[in-house]
Amino acid sequence: MFYTKLPGKTDRESPAVGNAFPGYRFLIQAGYVRSMGKGLNALLPLGKRVENRLKEIISEEMEEMGGMEISVPLVSPLELWEKTDRRHKTEAPFVQFKDRSGRDMVLSPTHEESVTFLFKDCIRSHKDLPLFVYQYQLKYRDELRPRGGLLRSKEFMMKDGYSFHRSYVELNNFFPTIFAAYQRIFQHCSVPTYAVEADSGFMQGSRSYEFIMSHPKGKNLSIRCNSCEYKASQNIAYAEKDAHVEDLLPIEEINVGAFTTLHALQQQLQVSMDKFCICTLYKCEKGLFITVHRADSEVSQYKLQKLIKSCKAGPPDSSDFDKLGQNSRCLSPFGLPEDVKIVVDDAVVDSCNLIITSGEPDFFYKNVNFGRDFDANIVGDIVKVQQGQSCSICGGTLYQDSGIELGHIFKLDDYYTRAMGLTYQNLRGEFIYPHMGSYGIGIGRLMEAIAEANHDERGLIWPYRLAPYKCYVMGTGKSPTIKEFVNNLSEKLKDIALVDDRVENIGTKFKDFELLGIPLRIVVGRNFLEKSMVEIYERKSGIIKEIKADKLMNYLQAWMQEQVKESRIAK
RNA sequence: CGGGAUAUAGCCUAGUGGCUAAGGCGCCUGCUUUGGGAGCAGGAGAUCGCAAGUUCGAGUCUUGCUAUCCCGACCA
């Protein structure tokens, strides 16, 4: 391939894209990717080639475990989403439209419905199971806030896999296989990842694992233990909560005057933060909820939603406070109307002699004890794990890590098959709902993560298998002999090489080679005419050497074999 | 949707109410140059995001719209 034929040349200057990750800046600057508007990205030929390499790596792993590639349409009828009730489960980013006949359609944000519907007719017998299929298909999510280049686009390519099993046990046994395959895929891509237990949320089902690449600017928060293997998404992470057992003291009312902040009050009363309780009002389709938690923690909306079995608990309107007869500054579990539910964090239950708002301005209660002084409708874990809390498995110290979520695998159980009436007949002729798993990798996001994990200050450094071209060939000077040699080489190497045929200064070409991140540079230059030597330079290692021109093809073959061998991962 | 910021040529930017909107990169033509974004000469490229308003005069001030970027809820 000749460089002059490529549309989308390199830019000398870094693009003005806010504080995007360096990896994304290089992808734009080097001509791999171009933004077509908020959350919409185009791939130029170089970017498309990387995407294809990624698909090869992923497909290899999928096929290895018996996966078969399929394709279901991007568009699906809305009625499928009504069957599984997901349409109303969240503020899902659906883009809906009516087709010519007035039928409601959606641009699918994910394809569980479509795939389940597809196999409703194909799966009839226990002999048809297990089944594992995967596809590469666009997803469209009208995200509230797309961000970070390819990290969260509205439209993005996803590898999504779906498996159907005769039972939960069978699904469960399949999980380690897919788990290991995902780990190998990310290893092949040279992105360091770790897996965390996560919440399946909108996807339904029981269990899920996210594959996270640690990154200081990542938006995905995980909790990890410094001494055992415990890793969990912050949404579901749990920790040891220290209780303070002491003798119960009689409740007292204290006048705090016009206190400003809890911290000020804490200073004034000279007690530690974990002695205070904070009350917060939430609203959802089931009504109003007041949460009570200790001030040394904060509410996890995820956990709250799970506990109260709602999907959209959120902040209340000001009119909701009027219904309580309390204002937002002195919310209290005391003297509430019947229909407001009280949700209490279990740490509050286990703590003694707490300080809490009374419901009246300026007054707090001291020495309040759960069970004696107030009660709850629901008790459970509703707070986020804080940095430094103890691991409830090993007692080690927990810390928070931010990262980018690259893949997510879900145990969906029989949620979809049940909702859509997909059954098979077992040996006894009974109709059974298969258990499903679903497995996603965001291709664009992965590409950016790879760029982010594999670059230096000069540009990208593609892992061998992902490089759009394996080597970059350039000649110097005007010698027709050199030109002829380069042209011959180009002919022989075909698709493997990107030949820089520009009439440009050598510095320009060197800079662009470094920006593009192609693994190997071949310069036919100063020592060619007299000594028949060409120069070989490895982008990653910086190793530079000269070899005889007539040995070049042999050298390249050996080098490529070596690279493939190195990138192969022991199973 | 809430809060903040920005919008000038393909890219990066300057432009403090006043003359024909400035520079660099890139692009085109010619010559020169070929081991680290080289040089010389010439050239093309802008309805200054859109629409109103204030003013003798608006890229610059005001308002509205639109788009983009950043911060929150959401996600692969």
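In what follows, chains are A, B, ... by sequence order, proteins preceding strands, each numbered from 1.
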K.L.:
If you look only at pairs with a residue in residues 32-47 of chain A, which of them pass as a salt bridge (charged side-chain N to carboxylate O under 4.0 Å, His left out), with sequence neighbours excluded?
P.N.:
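Checked against salt bridge (charged side-chain N to carboxylate O under 4.0 Å, His left out) - neighbours excluded - no pair reaches residues 32-47 of chain A.
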K.L.:
Near RNA chain B, counting only heavy atoms under 4.0 Å, which residues of residues 135-143 of chain A show up?
P.N.:
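Here the set is A:Arg141, A:Glu143.
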K.L.:
Under the side chain to side chain contact (heavy atoms under 4.5 Å, CB included) rule, collect the residues that match up with A:Ile28, sequence neighbours excluded.
P.N.:
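Once residues adjacent in sequence are excluded, the partners of A:Ile28 under the side chain to side chain contact (heavy atoms under 4.5 Å, CB included) criterion are A:Pro15, A:Val17, A:Tyr24.
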K.L.:
Sugar-phosphate atoms are those with a prime plus P, OP1 and OP2; base atoms are the rest. Using that split, label each nucleotide of nucleotides 21-32 of chain B B, S or - for protein heavy atoms under 4.0 Å, 5' to 3'.
P.N.:
---BSS------
K.L.:
Could you note down all residue pairs passing salt bridge (charged side-chain N to carboxylate O under 4.0 Å, His left out) where residues 193-218 of chain A supplies at least one of them, sequence neighbours left out?
P.N.:
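Output for this query lists A:Glu197-A:Arg207, A:Asp199-A:Lys306.
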K.L.:
Output yes when at least one side-chain N/O atom of A:Arg145 is less than 4.0 Å from OP1 or OP2 of B:A73, else no.
P.N.:
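For B:A73, OP1/OP2 do not have a side-chain N/O of A:Arg145 under 4.0 Å.
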K.L.:
What protein N or O atoms touch nucleotides 39-45 of chain B N or O atoms at under 3.5 angstrom, if any, and at what distances?
P.N.:
none

K.L.:
Does anything in residues 510-527 of chain A form a salt bridge (charged side-chain N to carboxylate O under 4.0 Å, His left out)? List the pairs, not counting sequence neighbours.
P.N.:
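Sorted pair list: A:Arg458-A:Glu514, A:Arg502-A:Asp512, A:Arg521-A:Glu535.
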K.L.:
When you measure from the side-chain N and O atoms of A:Lys219 to the phosphate of B:C71, is any distance below 4.0 Å, counting only OP1 and OP2?
P.N.:
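Yes, because at least one side-chain N or O of A:Lys219 sits under 4.0 Å from OP1 or OP2 of B:C71.
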K.L.:
Once you apply a heavy-atom cut-off of 4.0 Å, does A:Asp160 come out as touching a base, just sugar-phosphate, or nothing?
P.N.:
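The residue A:Asp160 makes no contact with any strand.
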K.L.:
Tell me which nucleotide among B:A76, B:G36, B:C75 gets nearest to the side chain of A:Phe510.
P.N.:
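Shortest atom-to-atom distance from the side chain points to B:G36.
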K.L.:
Among B:A38, B:G37, B:G35, find the nucleotide with the atom closest to the side chain of A:Asp512.
P.N.:
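Per side-chain heavy atoms of A:Asp512, the pick is B:G37.
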K.L.:
My understanding is that only residues two or more places apart in sequence, or in another chain, count here; which of them pass side chain to side chain contact (heavy atoms under 4.5 Å, CB included) with A:Lys48?
P.N.:
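With sequence neighbours excluded, A:Lys48 shows a side chain to side chain contact (heavy atoms under 4.5 Å, CB included) to A:Leu43, A:Glu51, A:Asn52, A:Lys55, given in chain and number order.
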K.L.:
Just to verify, what does A:Asp501 make a side chain to side chain contact (heavy atoms under 4.5 Å, CB included) with, not counting sequence neighbours?
P.N.:
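Checked A:Asp501 against side chain to side chain contact (heavy atoms under 4.5 Å, CB included); matches are A:Phe2, A:Tyr3, A:Thr4.
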K.L.:
Looking at RNA chain B, which of residues 468-477 of chain A put a heavy atom within less than 4.0 Å of it?
P.N.:
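Heavy-atom contacts with RNA chain B come from A:Thr476, A:Gly477.
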K.L.:
Using a heavy-atom distance cut-off of less than 4.0 Å, which residues of residues 514-528 of chain A contact RNA chain B?
P.N.:
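By residue number: A:Glu514, A:Arg521, A:Val523, A:Gly525, A:Arg526.
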K.L.:
Of all residues at least two apart in sequence or in a different chain, which pass the side chain to side chain contact (heavy atoms under 4.5 Å, CB included) check with A:Glu13?
P.N.:
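None.
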